[in-house]
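All values derive from a computational prediction rather than experimental measurement. Residue indices begin at 1 and follow the sequence shown.
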Amino acid sequence: MRFENGVQKSVSLRFRDAKTFTTQSSSGIASTQSKARNHNLLTLTLLLRCHLLKNGGYVVAICRLKGIHQVRKRLANAKIREYHYAFRGGPQFWHSDNGVAIGSPDYVAAFSNAAKPGRLTKIPDIASGSTTRAVIERYRRSLHFQKLAERTQSDYEKYLKSFDTEFGVDPIKMFEEKESLGEIRTWKEQWSHSPKSYDYATSVVTRLLNWARDEDVALSNHHHVNVARLYKSNRSEIIWLPEELRALLAVANDREARVVIAASEGGLTPQDIGILTRDRVQNTPKGRRLLFKRSKSKKVTSIPVTPALAKLIDETPNEQKQLIISLDGRRPQPERASGIVRDLKARANAAAATNTTLYHIRDELRLYDMRGTAATELLRAGCSLNEIAVTMGWGLRHAANIIEKYAAIVPEVADEVLAKLTAARRESEDSK
């Protein structure tokens, strides 16, 4: 070490850096006594901030070096543990529960052992890196991630980026420790206000760690399995009443009305409404159908054309390829289709607030809830229970329960629907 007027200017060390260390000398030049001196490591010249103290005839230089990466994690027992890594993305060489004092010869020796020759200047390699960030990047490039739908990939990215920010520089092996469950849970608490988002984060992390274990083989095991979910949604009893649909249509223009009809008559989701074109309409022995591939599941779906859907198709201008277009004349995006229903509901309820003869639409209703209405209309149009289940992507029992609940709250169709539902159930049982 070289000092001028009591201020240290530079130091040449035989190790990369350390959190804190002390050196002593009876002269103005201090000499390093750490065990790291004998290691064949890179010699670096670092600019430091040091303080000189006189102690028993010695000059003590206490130096705080830059470069050691510190990570504080909350364990499952709520205790905070601090980890030190030889460099950002490098190996862990110390944690606060191992009994080694920061800056002691044992601390420096542990660091120098972790920072072996060739690793100090090594940039973590995505292809073979063992950090969480490297594994996340490999997962993004994997077929398992690439085969996900574009919307699903976008949803995953939100959580992968956050997970990378929190754990990216940590070794992926840390998730083999059971204590990591507490650290993941602490990270997920940023979504504690939304149980659905909290559970989505749980699913993404489980998928990532399963892939790291089964495909990437970066993990031999992990403990983030069978994690309880918080969000429970049962919207089976939330069904649009005929009066509510009529209230929507009363304030809708032609393009808005077509969105409502497609959802309430065909059970189309926001994602599917925008993909319907004229060439999706096919003739059948008894009428017509819409044949298309679901945007989310990629399953081929056949929807019988009800009278209301037939009117929508027949009134589509000849020059218009899309059966349903947005307000600006383009293909509607999923969020816009849902937004149209929200806007219509707001307008209808605003009108009902000043006119007691108009019907108020329940606040909890959304476009997806029109599928129960659509299932009932398909039954009335002559579809079998199995056809309805396949069309909606439901099980037979679920389809029957939804229709039965609809009939229970809509008395004007109760007798007709229940009679057809009974016949459909009997037909389903006979075909087994």
Side-chain angles (χ1 to χ4, degrees), residues 69-85 88-98 124-233 296-297:
H69 182 58
Q70 309 168 60
V71 177
R72 291 169 62 84
K73 300 292 184 184
R74 185 183 299 275
L75 305 182
N77 60 7
K79 181 180 179 180
I80 300 296
R81 178 184 289 175
E82 184 172 314
Y83 298 89
H84 289 186
Y85 298 85
R88 193 174 186 87
Q92 175 197 317
F93 69 92
W94 180 90
H95 64 77
S96 54
D97 292 335
N98 67 2
D125 180 19
I126 294 300
S128 60
S130 59
T131 65
T132 301
R133 177 167 298 142
V135 173
I136 290 174
E137 185 57 34
R138 292 200 295 274
Y139 175 62
R140 286 190 178 109
R141 299 177 183 180
S142 72
L143 179 61
H144 287 73
F145 184 79
Q146 295 297 324
K147 72 178 183 180
L148 297 174
E150 184 177 346
R151 171 64 185 273
T152 305
Q153 289 187 30
S154 177
D155 291 341
Y156 272 39
E157 276 296 337
K158 169 184 174 182
Y159 300 97
L160 290 175
K161 287 178 181 178
S162 178
F163 199 72
D164 183 14
T165 299
E166 181 71 17
F167 301 107
V169 299
D170 299 327
I172 192 67
K173 289 286 188 181
M174 70 176 283
F175 298 108
E176 293 182 354
E177 301 178 12
K178 197 167 185 178
E179 290 85 352
S180 65
L181 288 175
E183 300 173 18
I184 295 174
R185 184 175 63 249
T186 300
W187 167 73
K188 291 191 298 184
E189 286 175 356
Q190 62 186 297
W191 295 289
S192 58
H193 64 285
S194 173
K196 191 173 183 179
S197 297
Y198 187 98
D199 285 348
Y200 207 123
T202 296
S203 299
V204 172
V205 171
T206 301
R207 287 273 186 102
L208 170 67
L209 297 182
N210 283 347
W211 180 85
R213 178 195 62 199
D214 301 334
E215 301 293 332
D216 195 58
V217 201
L219 289 174
S220 57
N221 68 286
H222 71 86
H223 299 276
H224 199 260
V225 293
N226 299 323
V227 180
R229 299 304 197 265
L230 301 180
Y231 179 73
K232 294 182 179 180
S233 176
K296 190 170 184 180
S297 66

Assess the residue pair Val169 and Thr131 against the criterion (side chain to side chain contact (heavy atoms under 4.5 Å, CB included)); give the C-alpha distance rounded to whole Å, side-chain angles, the decisive distance to 0.1 Å, and a yes or no. CA-CA 6 Å; Val169 299; Thr131 65; over 6 Å; no
Going through the checks in order, is the side chain to side chain contact (heavy atoms under 4.5 Å, CB included) test met by Glu166 and Glu183? CA-CA 10 Å; Glu166 181 71 17; Glu183 300 173 18; over 6 Å; no
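Looking at Glu137 and Arg141, a side-chain N of the basic residue comes within less than 4.0 Å of a carboxylate O on the acidic one, giving a salt bridge. Looking at Glu179 and Arg81, no side-chain N of the basic residue comes within less than 4.0 Å of a carboxylate O on the acidic one, giving no salt bridge.
Under the 3.5 Å distance criterion, the side-chain polar atoms of Thr165 are matched with a main-chain donor or acceptor of Lys161. Using modelled atom types, no side-chain atom of Ser192 and backbone atom of Lys188 make a donor-acceptor pair closer than 3.5 Å. At least one donor-acceptor pair under 3.5 Å links the side chain of Ser180 to the backbone N or O of Glu177. Side chain of Thr152 to backbone of Leu148: no donor-acceptor contact under 3.5 angstrom is found. The backbone N or O of Phe145 sits less than 3.5 Å from a side-chain atom of Gln153, completing a donor-acceptor pair. In this structure a side-chain-to-backbone donor-acceptor pair under 3.5 Å is present from His223 to Glu176. Side chain of Ser162 to main chain of Lys158: no donor-acceptor pair is present (N/O by atom type, distance under 3.5 Å, no hydrogens or angles).
In the displayed structure, Arg213 atom CZ is contacted under 6.0 Å by more than 12 heavy atoms of other residues, nucleotides or ligands. Heavy atoms from other residues, nucleotides or ligands lying under 6.0 Å from CD of Gln146 number more than 12.
Counted by atom type alone, Glu215 and Ser142 present zero donor-acceptor pairs between their side chains at under 3.5 Å. Side-chain atoms of Lys173 and Ser130 form no donor-acceptor pair, as typed in the model, at a separation below 3.5 Å. Counting only N and O atoms by type, the side chains of Arg140 and Tyr156 include no donor and acceptor under 3.5 Å apart.
Results of the side-chain contact (heavy atoms from CB on, under 4.5 Å) test with His222 over Ile172, Leu209, Leu208, Ile184 single out Leu209 as the only residue that passes. When each of Tyr139, Tyr198, Trp191 is paired with Tyr159, the ring pair (Phe, Tyr, Trp, His ring centres under 6.0 Å) condition holds for Trp191 and for no other.
Looking at heavy atoms from C-beta onward, Arg229 lies out of side-chain contact with Pro195 at the 4.5 angstrom threshold. In this structure, the side chains of His224 and Thr202 come closer than 4.5 Å at one or more pairs of heavy atoms.
Note that CG of Asp164 is 4.5 Å distant from CD1 of Ile136, once rounded to the nearest 0.5 Å. For the atom pair OG (Ser197) and CG (Asp155), the distance works out to 9.5 Å, reported to the nearest 0.5 Å.
In terms of heavy-atom proximity, Ile80 sits nearest to Ser96 at O-OG, 4.4 Å.
Ring planes of His84 and Trp94: tilted class, angle from 30 to 60°. Ring planes of His144 and Trp211: perpendicular class, angle over 60° (limits at 30 and 60°).
Residues satisfying the ring pair (Phe, Tyr, Trp, His ring centres under 6.0 Å) criterion with Phe163, sequence neighbours excluded, are Phe167, Phe175, Trp187.
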